[in-house]
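So you know, we letter chains A, B, ... as the sequences are listed, proteins then strands, and number each from 1.
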Amino acid sequence: IKTYTIMIDVYGKCGQLARAFSLFYGMKRAGPKPNVITYNAMIAACARNNEPNVAYRVFKEMQTCGIRPDKFTYGSLIDSCAKGGHVERAFHISELMDQNGVAKDQTIYSALMDACGRAKQLDRALLVYEEMKRNAVWPNLITFSVLIDTCANARQPEKAFQLFSEIKHWGYPRANVVVYTALIDACSKGGWPERAERVMESMVANGIRPNEISFGALMDGWTREGQISRAFEIIERMVKVHRVLPNAVLIGGLIDASRRLKEPDRAKAIWSVVVKYNIRPS
RNA sequence: GGAUGAAAAUAGA
């Protein structure tokens, strides 16, 4: 049964949901009976492959078979709602947990806040954050990255900084690269590219190395302000100073910026970046 | 102590 579960998990992670299901139903017919972990793996596979309705069906089915959902089950289900944009349903699942006496942990709260964040509902995410603290669940760095990302989506950079400053009060000496990158993204989306630059400086000063995603977020801030040249400078800088190579997403950002800003003459310069760094077009 | 759940950049679906 572990072998089956591992294979279902791996198929799910490779985007082969159909194969995961054929194993799953194969075992229901002829193999070992799926246990709670198998069901959880199947629901997680649906979540990852953006099939919230299918996830819910499997959830119902496991209960029909007399298997009690645990916090992993609920976590994956909420995640499926988050990724599918079904905020209301995510909260419904949260209520189901309360009704069934399953305690909500950091992961559950992050997934719930993530559902709010993707729907740009910052106020609601903050209510979840309050509930979490009331229930004595200690926030971790993922909690903060989700909250700050929600501020980015909701275009509330000042709130992002406020949350960022809370991190040290919870016993974390410093943030990690994901939290810093989310903060850069919040500045960029909020129209504060200069502050995004300063966030990157302070992350480097604190010994956290920016990666290509961090630079992508920073670049996005400048192109949103119409400054494509700054974006090219960032690419130079990331390679020369930080030893991080640009990837296809960065190039996509340049292409899209030149399209939005009606600067088609940038095309040659963009292509020369592709050639210079040997970037495989996506 | 072996299997399952949460976070970051462009565009698109």
Side-chain angles (χ1 to χ4, degrees), chain A residues 1-10 12-13 20 32 34-48 50 55 58 62 69-83 90 93 97 102 104-115 117-118 125 128 132 139-153 160 175-189 196 199-200 203 210-224 231 234 238 244 246-260 270 282:
Chain A
I1 185 161
K2 288 187 187 180
T3 311
Y4 273 99
T5 308
I6 292 168
M7 291 184 68
I8 287 170
D9 180 44
V10 170
K13 288 180 170 136
N35 63 14
V36 62
I37 302 183
T38 316
Y39 275 100
N40 290 349
M42 200 58 248
I43 292 170
C46 296
R48 180 184 288 263
N50 239 310
V58 176
M62 81 189 275
D70 63 9
K71 65 179 181 181
F72 284 74
T73 321
Y74 290 110
S76 296
L77 260 187
I78 293 173
D79 185 39
S80 79
C81 299
K83 292 183 164 59
I93 310 285
M97 293 185 75
V102 179
K104 289 183 273 189
D105 63 9
Q106 290 173 327
T107 299
I108 297 292
Y109 281 116
S110 300
L112 253 187
M113 294 184 298
D114 186 40
R118 289 179 196 272
V128 174
M132 159 175 190
N140 61 17
L141 290 181
I142 297 185
T143 312
F144 287 105
S145 70
V146 172
L147 283 170
I148 291 170
D149 184 47
T150 301
C151 298
N153 291 335
N176 63 18
V177 61
V178 179
V179 174
Y180 272 110
T181 302
L183 187 58
I184 290 171
D185 188 36
C187 296
S188 292
K189 290 199 165 80
V199 171
M200 182 164 290
M203 92 187 260
N211 60 22
E212 50 279 289
I213 304 180
S214 321
F215 288 104
L218 181 63
M219 221 185 71
D220 183 47
W222 287 111
T223 60
R224 279 172 193 269
I234 287 167
M238 69 187 274
V244 180
N247 63 14
V249 175
L250 278 273
I251 300 301
L254 290 176
I255 294 172
D256 191 55
S258 56
R259 182 170 58 188
R260 271 194 332 259
I270 296 171
S282 59

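With sequence neighbours excluded, the residues satisfying salt bridge (charged side-chain N to carboxylate O under 4.0 Å, His left out) with D256(A) are R259(A), R260(A). S145(A) is linked by a side-chain hydrogen bond (donor to acceptor under 3.5 Å, both in side chains) to nothing, counting only residues two or more places apart in sequence or in another chain. With sequence neighbours excluded, no residue satisfies ring pair (Phe, Tyr, Trp, His ring centres under 6.0 Å) with Y109(A). Residues passing the side-chain hydrogen bond (donor to acceptor under 3.5 Å, both in side chains) test with D9(A), sequence neighbours excluded: K13(A). Evaluation of the side-chain hydrogen bond (donor to acceptor under 3.5 Å, both in side chains) rule for R118(A) yields D114(A) as partners, not counting sequence neighbours.
No N or O donor and acceptor, one from the side chain of D105(A) and one from the base of A6(B), sit under 3.5 Å apart. For A3(B), the base has a donor-acceptor partner in the side chain of N35(A) [N/O atoms by modelled type, under 3.5 angstrom].
Taken from CG in D149(A) to OG1 in T181(A), the straight-line distance is 10.5 Å, to the nearest 0.5 Å. Put simply, CE on M97(A) and CG on L112(A) are 8.5 Å apart, with the number rounded to the nearest 0.5 Å.
Following rounding to the nearest Å, L147(A) (CG) and A7(B) (P) show an atom-to-atom distance of 14 Å. In this structure, the CG atom of D9(A) is 10 Å from the C1' atom of G5(B), given to the nearest Å. Between R48(A) atom CZ and G5(B) atom C1' the separation is 10 Å, expressed in whole Å. Going from atom OH of Y39(A) over to atom C1' of G5(B) covers 18 Å, rounded to whole Å. For the pair D79(A) CG and A7(B) C1', the interatomic distance rounds to 10 Å; values are reported in whole Å. Summarising the geometry, the separation between CE on M42(A) and C1' on G5(B) is reported as 14 Å, rounded to the nearest angstrom. Atoms OH (Y180(A)) and P (A9(B)) sit 18 Å apart, rounded to a whole Å. A9(B) atom P lies 5 Å from atom CG of D149(A), rounded to whole Å.
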Verdict with supporting geometry, L183(A) and M203(A), side-chain contact (heavy atoms from CB on, under 4.5 Å) = CA-CA 10 Å; L183(A) 187 58; M203(A) 92 187 260; over 6 Å; no

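Among the nucleotides A7(B), U4(B), A3(B), the one closest to any side-chain atom of I6(A) is A3(B). Taking every side-chain heavy atom of E212(A) into account, A9(B) is the closest of U4(B), A7(B), A9(B). If you check A7(B), U4(B), A8(B) against the side chain of I213(A), the one that comes closest is A8(B). Listed nucleotides: A6(B), G2(B), A8(B). Nearest to the side chain of N140(A): A6(B). Among the nucleotides G5(B), A9(B), A7(B), the one closest to the side chain of S145(A) is A7(B). Ranking G2(B), A8(B), A6(B) by closeness to the V177(A) side chain, first place goes to A8(B).
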Pairs under 3.5 angstrom, nitrogen or oxygen only, protein versus nucleotides 10-13 of chain B, please.
unit_1 : atom_1 : unit_2  : atom_2 : d
U10(B) : OP1    : K189(A) : NZ     : 3.2

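At the heavy-atom level, N153(A) lies nowhere under 4.0 Å from the strands shown. Counting any heavy atom pair closer than 4.0 Å across all strands shown, T107(A) reaches a base atom. Within the nucleic acid shown, L218(A) has no heavy atom closer than 4.0 Å to any nucleic acid atom.
Within the 4.0 Å cut-off from OP1 or OP2 of G5(B), not a single side-chain nitrogen or oxygen of K83(A) is found.
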